[in-house]
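What follows is a short report on a single structure.
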Amino acid sequence: MQRRAILQALPASALAFGSLSPQTLWAQGTAKTKLSPKLRIVIPAGSRTPLDELARSLGDSLVGIGLCDEIDYDNKEGNGGAACLAYFIDKYTSDANALLVADSSTVGALSVYKAVADFSRVAPIARLTTNALVAVVAANSPIKTIAQLVERVRSNPKATPLGIASPGGVEHVFAGLLSKSTSARADEPVYVPIARGFELNDAAVSGKVAAAISGYRTFSADLASGKLRALGVSSKRAAFGIASVREQGLDVDSTNWRAVFTGQALTVGRRADIADAIKTATTYDLWKKTLKQNFWDSALLAGADFDSFLDIELKTTKLMVQLLKLKV
């Protein structure tokens with residue numbers, strides 16, 4: 001169930017999916033000059049979502065550290081981010097002052113929604129953060145372990161709906177991997193997409209879904225109060241005082257990531273300036289506070305290393321969506 005194992009196990013002809021050319025973008029030192037008086041950050045999600053918070057914290061940090069004066073935020077919901085990617089490509093491919101934030105869920109959505117637009121048509125700048133997922137149930141749920149959840153999904157999926165953020169998203173893929181980690185089932189799992197974290201949390205507390213999967217921040221308050229119980233985290237090892245799914249005997253792990261892109265038509269020099277500014281912005285106290293509040297890990301990666309990482313993510317995510325038969 002590992003991404004690299006899936007990638008290596010399939011023929012090369014199955015992997016033809018928008019490979020990106022490496023660019024050396026990570027400048028040495030820190031940005032010294034203002035990028036522009038005004039920047040635009042396009043967000044493939046609604047307000048009060050993790051991507052929205054990431055974008056606004058990044059923008060505020062760019063302003064706070066003096067790399068621009070003003071940020072316009074452009075939220076474009078639809079098809080898990082696929083609609084926003086097409087919008088950005090159409091409108092901002094040559095705009096030197098426009099940025100796009102995206103995450104691993106945006107990648108999966110492209111496959112689920114069979115989008116025409118893909119990430120080969122934007123320029124990767126930098127990966128910013130990663131975080132593990134956590135599977136939770138209501139405090140009074142009869143499900144006590146991750147193994148029990150998987151068995152119930154296998155034996156009675158209609159009575160065991162799983163709350164996820166969006167079709168094709170990292171939570172959807174992780175849930176699909178969990179359901180595939182045991183014997184075959186008669187019916188496909190039932191997934192309930194709920195985009196905003198507070199609504200997904202409420203669905204788990206109320207029992208509207210049998211279990212929910214999201215980042216730890218989504219459930220942290222009700223885990224602390226005892227309204228929710230954690231079954232496992234998606235990291236390789238325990239996190240937040242919760243045993244990992246892998247440590248509990250299921251050969252599955254998964255990580256969400258979030259990154260910044262810009263228009264494909266921009267010069268390498270402009271991309272390097274943007275990458276350097278992003279790097280500088282991540283030293284700002286507000287940015288560090290946002291990571292801490294959201295339980296995100298700093299995972300800065302740019303240039304050829306990020307291109308290579310992204311190429312693997314694009315290919316393996318598409319393959320996993322197909323193998324797991326994930327759909328809207």
Side-chain angles (χ1 to χ4, degrees), residues 18-28 30-45 51-63 65-76 81-107 109-110 115-129 257-284 287 299-311 313-314:
S19 179
L20 301 179
S21 299
Q23 301 288 348
T24 303
L25 299 179
W26 204 245
Q28 298 298 314
T30 59
K32 300 293 194 301
T33 59
K34 191 173 294 184
L35 275 178
S36 173
K38 190 173 185 178
L39 296 174
R40 178 181 299 273
I41 300 181
V42 181
I43 309 163
L51 265 181
D52 181 69
E53 184 166 359
L54 176 113
R56 292 173 189 275
S57 179
L58 177 64
D60 289 348
S61 296
L62 287 166
V63 172
I65 214 162
L67 293 171
C68 68
D69 299 324
E70 183 182 355
I71 304 284
D72 274 349
Y73 299 100
D74 192 354
N75 293 80
K76 293 291 181 183
C84 182
L85 181 61
Y87 166 80
F88 186 87
I89 291 168
D90 179 63
K91 192 166 183 178
Y92 296 112
T93 194
S94 300
D95 191 331
N97 298 315
L99 306 177
L100 170 73
V101 294
D103 60 9
S104 50
S105 291
T106 318
V107 175
L110 298 180
V116 175
D118 63 56
F119 278 90
S120 69
R121 298 173 63 190
V122 293
I125 295 296
R127 186 187 67 187
L128 299 177
T129 67
W257 53 264
R258 298 177 181 87
V260 180
F261 301 80
T262 192
Q264 189 181 51
L266 270 61
T267 66
V268 171
R270 180 58 177 177
R271 296 183 202 178
D273 289 342
I274 293 171
D276 202 29
I278 297 296
K279 181 180 180 181
T280 303
T282 63
T283 67
Y284 196 57
W287 176 256
L300 286 169
L301 191 67
D305 290 338
F306 180 43
D307 286 352
S308 177
F309 167 84
L310 184 62
D311 190 40
E313 287 291 302
L314 293 171

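With Ser36 contributing its side chain and Leu39 its backbone, the two residues share no donor-acceptor pair below 3.5 Å. Under the 3.5 Å distance criterion, the side-chain polar atoms of Thr262 are matched with a main-chain donor or acceptor of Ala98. Using a distance-only test at 3.5 Å, with no hydrogens or angles considered, a donor-acceptor pair links the side chain of Arg127 to the main chain of Ala299. Formation of a donor-acceptor pair under 3.5 Å by the Arg271 side chain with backbone atoms of Gln264 is found in this model. Checked by atom type and distance alone, the side chain of Ser308 never pairs as donor or acceptor with a backbone atom of Asp305 at under 3.5 Å. Looking only at distances, no side-chain donor or acceptor of Arg121 sits under 3.5 Å from a matching main-chain atom of Ile89. In this structure, Ser57 contributes its side chain and Leu54 its backbone to no donor-acceptor pair below 3.5 Å.
Residues Thr282 and Leu300 come closest through the heavy atom pair OG1-CD1, 3.5 Å. Taking every heavy atom of both residues into account, Ser61 and Ala281 meet most closely at CB-O, 3.6 Å. Closest non-hydrogen pair, Ala123 versus Gly263, comes out as CB-O, 3.7 Å. Taking every heavy atom of both residues into account, Pro44 and Ala102 meet most closely at CG-CA, 4.4 Å. The shortest heavy-atom contact between Phe309 and Leu301 is CB-CD2, 3.8 Å.
Atom CD in Glu313 sits 6.0 Å away from atom CH2 in Trp257 (nearest 0.5 Å). Distance check, rounded to the nearest 0.5 Å: CG of Asp276 to CD1 of Ile125 gives 11.0 Å.
For the residue pair Asp103 / Thr106, a side-chain donor-acceptor distance below 3.5 Å is found, with atom types taken as modelled.
Screening Leu58, Ile41, Leu100 for a side-chain contact (heavy atoms from CB on, under 4.5 Å) with Val260, the sole residue that qualifies is Leu58.
Relative ring orientation between Phe306 and Phe261 is described as tilted, the plane-to-plane angle lying within the 30° to 60° band.
A salt bridge links Asp52 with Arg56: at least one charged nitrogen is closer than 4.0 Å to a carboxylate oxygen. We find that Asp69 and Lys34 are joined by a salt bridge, their nearest charged nitrogen and carboxylate oxygen being less than 4.0 Å apart.
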Practice problem: Please assess Ile65 against Trp287 for the test side-chain contact (heavy atoms from CB on, under 4.5 Å), listing each intermediate value before the final yes or no. | Solution: CA-CA 11 Å; Ile65 214 162; Trp287 176 256; over 6 Å; no
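Every side chain to side chain contact (heavy atoms under 4.5 Å, CB included) that Ala86 has, sequence neighbours left out, goes to Ala117. Applying the side-chain hydrogen bond (donor to acceptor under 3.5 Å, both in side chains) test to Asp95 and every residue at least two apart in sequence or in another chain returns nothing. Among residues two or more places apart in sequence or in another chain, the salt bridge (charged side-chain N to carboxylate O under 4.0 Å, His left out) test is passed with Arg40 by Asp72, Asp74.
Annotation: side chain of Arg270 is in contact with side chain of Leu35 (closest heavy-atom distance under 4.5 Å). Val42 places a side-chain heavy atom less than 4.5 Å from the side chain of Cys84. Leu51 is listed as a side-chain neighbour of Arg258, based on a closest heavy-atom distance under 4.5 Å.
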